[in-house]
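Predicted, not measured: the structure shown is a model, and the values here were computed from it. This chain uses plain numbering: 1 for the first residue, then up along the sequence. Reckoned from all heavy atoms, side chains included, excluding hydrogens, waters and symmetry mates.
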Amino acid sequence: MQKPLTYLASLALAVSLALPVAAQDTPTVDTVVATVNGKDITLGHMIIARATLPQQYQDLPDEVLYKGILDQLVQQTALADTYEGDLPKRVTLSLENETRSLTAGEVIEGVMAAPVDEEAVKAAYDAQYTDQEAGEEYNASHILVETEEEANTIKTALDDGADFAELAREKSTGPSGPGGGSLGWFGAGMMVPSFEAAVVAMEPGAVSAPVETQFGWHVIKLNETRKTEAPALDDVREELELQVRQTLVQTRIEEITNDADVDRMSEQEIDPALIKNIDWLE
């Protein structure tokens with residue numbers, strides 16, 4: 001009569017003992033995925049290995065990456081385990097540089113992650129947009145041909161009343177030809193200098209004399225102009241916050257460096273060309 005009770009009690013005990021094990025089996029960064037000669041390879045090792053791969057490899061299927069990365073880490077661990085003697089200086093110095101770089105990067109990440117003061121964002125916005133004069137934008141069309149003679153013939157036809165868009169579709173060798181020569185809106189610095197200079201000197205509705213650029217000869221019509229409007233703060237908030245953070249990082253770098261006990265006496269004593277002596281590290 002005791003067997004059913006004993007069986008149920010044993011089953012309950014097994015279930016209760018299994019629960020903590022299941023919780024412990026939940027994968028974490030420290031979960032061991034393989035051991036090589038007693039040395040652990042963890043899920044964390046695999047995560048960081050994947051994160052450092054070029055983007056084209058990171059896009060591979062997970063199962064392909066998992067096997068490939070684990071195979072590589074197993075091979076590297078096995079190979080490293082066979083190394084005997086002291087590591088070459090180039091390896092130890094590389095490790096020191098990598099540790100220094102990663103640790104400094106963590107300090108910078110801490111500064112970048114800090115909340116950005118709203119007043120600083122507004123000041124950056126004012127400096128970039130509000131306190132600057134409005135720029136000019138231009139809407140123009142052009143007809144592009146290979147020779148000055150062709151351009152002069154087109155200019156004469158336009159002066160005699162020919163339709164600019166039709167002539168552009170018929171004569172222009174540029175990609176804008178099928179669209180009647182329209183270039184849409186553009187601002188300063190978006191066109192080659194000689195083309196831009198001609199446009200800036202024109203009045204809306206005017207047609208230029210032939211203008212030469214590296215692409216050929218242009219006959220340009222300025223359709224209209226407009227003043228550029230400053231974007232709303234919220235539309236550029238992300239880039240402004242990045243600017244503010246970058247400024248804070250640079251300021252923090254300078255503060256920490258200035259407070260550090262730095263002695264650069266080697267600049268007076270060492271031949272700069274010596275940094276090319278890679279054979280010293282073998």
For E224 and W185, run side chain to side chain contact (heavy atoms under 4.5 Å, CB included): C-alpha distance rounded to whole Å, both residues' side-chain angles, the deciding distance at 0.1 Å, then the answer. CA-CA 9 Å; E224 56 180 318; W185 289 98; 3.4 Å; yes

For I41 and V32: C-alpha separation, side-chain torsions, deciding distance, then whether side chain to side chain contact (heavy atoms under 4.5 Å, CB included) applies. CA-CA 6 Å; I41 299 173; V32 175; over 6 Å; no

Does the pair D159 and K155 meet the rule for a salt bridge (Lys or Arg N to Asp or Glu O under 4.0 Å), with working shown? CA-CA 6 Å; D159 290 343; K155 178 65 165 68; 2.9 Å; yes

Could you check K221 against H142 for side chain to side chain contact (heavy atoms under 4.5 Å, CB included), going step by step and ending with a plain yes or no? CA-CA 6 Å; K221 179 180 180 181; H142 77 141; over 6 Å; no

Is there a side chain to side chain contact (heavy atoms under 4.5 Å, CB included) between F215 and V192 once you walk through the steps? CA-CA 10 Å; F215 304 108; V192 295; 3.9 Å; yes

Given side-chain hydrogen bond (donor to acceptor under 3.5 Å, both in side chains), test S141 with N223 step by step and report yes or no. CA-CA 7 Å; S141 302; N223 301 314; 3.1 Å; yes

Verify side-chain hydrogen bond (donor to acceptor under 3.5 Å, both in side chains) between H218 and T213, making sure each step is shown before the conclusion. CA-CA 8 Å; H218 309 256; T213 73; 2.7 Å; yes

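The 12-atom threshold is exceeded at CD of Q55, counting heavy atoms of other residues, nucleotides or ligands nearer than 6.0 Å. Enclosure of atom CG in N97 by more than 12 non-hydrogen atoms of other residues, nucleotides or ligands within 6.0 angstrom is indicated. The 12-atom threshold is exceeded at CD1 of I47, counting heavy atoms of other residues, nucleotides or ligands nearer than 6.0 Å. Counting heavy atoms of neighbouring residues, nucleotides and ligands inside a 6.0 Å radius, atom CG of D59 exceeds 12 of them. Heavy-atom contacts from other residues, nucleotides or ligands closer than 6.0 Å to CD of E146 number 12 or fewer. Residue I275 qualifies as open at atom CD1: its count of foreign heavy atoms under 6.0 Å is 12 or below. In this structure, E282 places its CD atom where more than 12 heavy-atom neighbours from other residues, nucleotides or ligands lie under 6.0 Å away. For E203, the CD atom sits in a loose shell: 12 or fewer heavy atoms of surrounding residues, nucleotides or ligands are nearer than 6.0 Å.
Side-chain atoms of S176 never come within 3.5 Å of backbone atoms of G179 as a donor-acceptor pair (strictly under, hydrogens ignored). At least one donor-acceptor pair closer than 3.5 Å links the side chain of D117 to the backbone N or O of A120. Checked by atom type and distance alone, the side chain of D163 pairs as donor or acceptor with a backbone atom of A165 at under 3.5 Å. Formation of a donor-acceptor pair under 3.5 Å by the T52 side chain with backbone atoms of A49 is found in this model. A side-chain donor-acceptor contact under 3.5 Å links N152 to the backbone of E148. Between the side chain of E136 and the backbone N or O of T228, no donor-acceptor pair lies under 3.5 Å. With R226 contributing its side chain and E137 its backbone, the two residues share no donor-acceptor pair below 3.5 Å.
Side-chain contact between Q250 and E255 is absent, with no heavy-atom pair separated by less than 4.5 Å. No side-chain heavy atom of V200 sits under 4.5 Å from any side-chain heavy atom of F195. Here the side chains of E241 and R245 are in contact, with some heavy-atom distance below 4.5 Å. Within the 4.5 Å cutoff, the side chain of T31 has no heavy atoms near those of the T42 side chain. The side-chain heavy atoms of L233 and Y129, taken from C-beta on, include no pair separated by under 4.5 Å. For the pair L53 and L65, the minimum side-chain heavy-atom distance is below 4.5 Å. The shortest side-chain heavy-atom distance between Q76 and L73 falls under the 4.5 Å cut-off. Between N37 and T77 there is no side-chain heavy-atom pair separated by less than 4.5 Å.
Nearest heavy atom pair, residue V145 against residue A151, reads CG2-N, 3.6 Å. Taking both residues in full, the closest heavy atoms of V219 and S208 are given as CG1-O, 3.7 Å, listed atom of the first, atom of the second, then distance. Considering all non-hydrogen atoms of both residues, S172 and L144 come closest at OG-N, 3.1 Å. The nearest pair of heavy atoms linking Y125 to A230 is OH-CB, 4.0 Å.
Note on R169 versus E166: no salt bridge recorded, every NZ/NE/NH1/NH2 to OD/OE distance being 4.0 Å or above. The pair D71-K67 meets the salt-bridge criterion, since a charged nitrogen lies less than 4.0 angstrom from a carboxylate oxygen. Ion pairing of E269 with R264 is absent here, as no side-chain N (NZ or NE/NH1/NH2) approaches a carboxylate O to less than 4.0 Å.
Linking ILVMFWY residues whenever their side-chain heavy atoms come closer than 4.5 Å, directly or via other members, places L60 and M46 in the same cluster. Linking ILVMFWY residues whenever their side-chain heavy atoms come closer than 4.5 Å, directly or via other members, leaves V33 and I48 in distinct clusters. By the criterion of side-chain heavy atoms lying less than 4.5 angstrom apart, applied directly or through intervening Ile, Leu, Val, Met, Phe, Trp or Tyr residues, V199 is not grouped with I154; the two fall into different hydrophobic clusters. Hydrophobic clustering, with ILVMFWY side chains joined whenever heavy atoms are under 4.5 angstrom apart, groups M190 together with I220. V211 and W217 fall into different hydrophobic clusters, defined by Ile, Leu, Val, Met, Phe, Trp and Tyr side-chain heavy atoms under 4.5 Å apart, directly or through other members.
With a 4.5 Å cut-off between side-chain heavy atoms of Ile, Leu, Val, Met, Phe, Trp and Tyr, the cluster of L93 takes in I278, L281.
Contacts of K276 classified as salt bridge (Lys or Arg N to Asp or Glu O under 4.0 Å), with partners at least two apart in sequence or in another chain: none.
For the 3.5 Å distance criterion, the side chains of T147 and E150 qualify, holding a donor opposite an acceptor.
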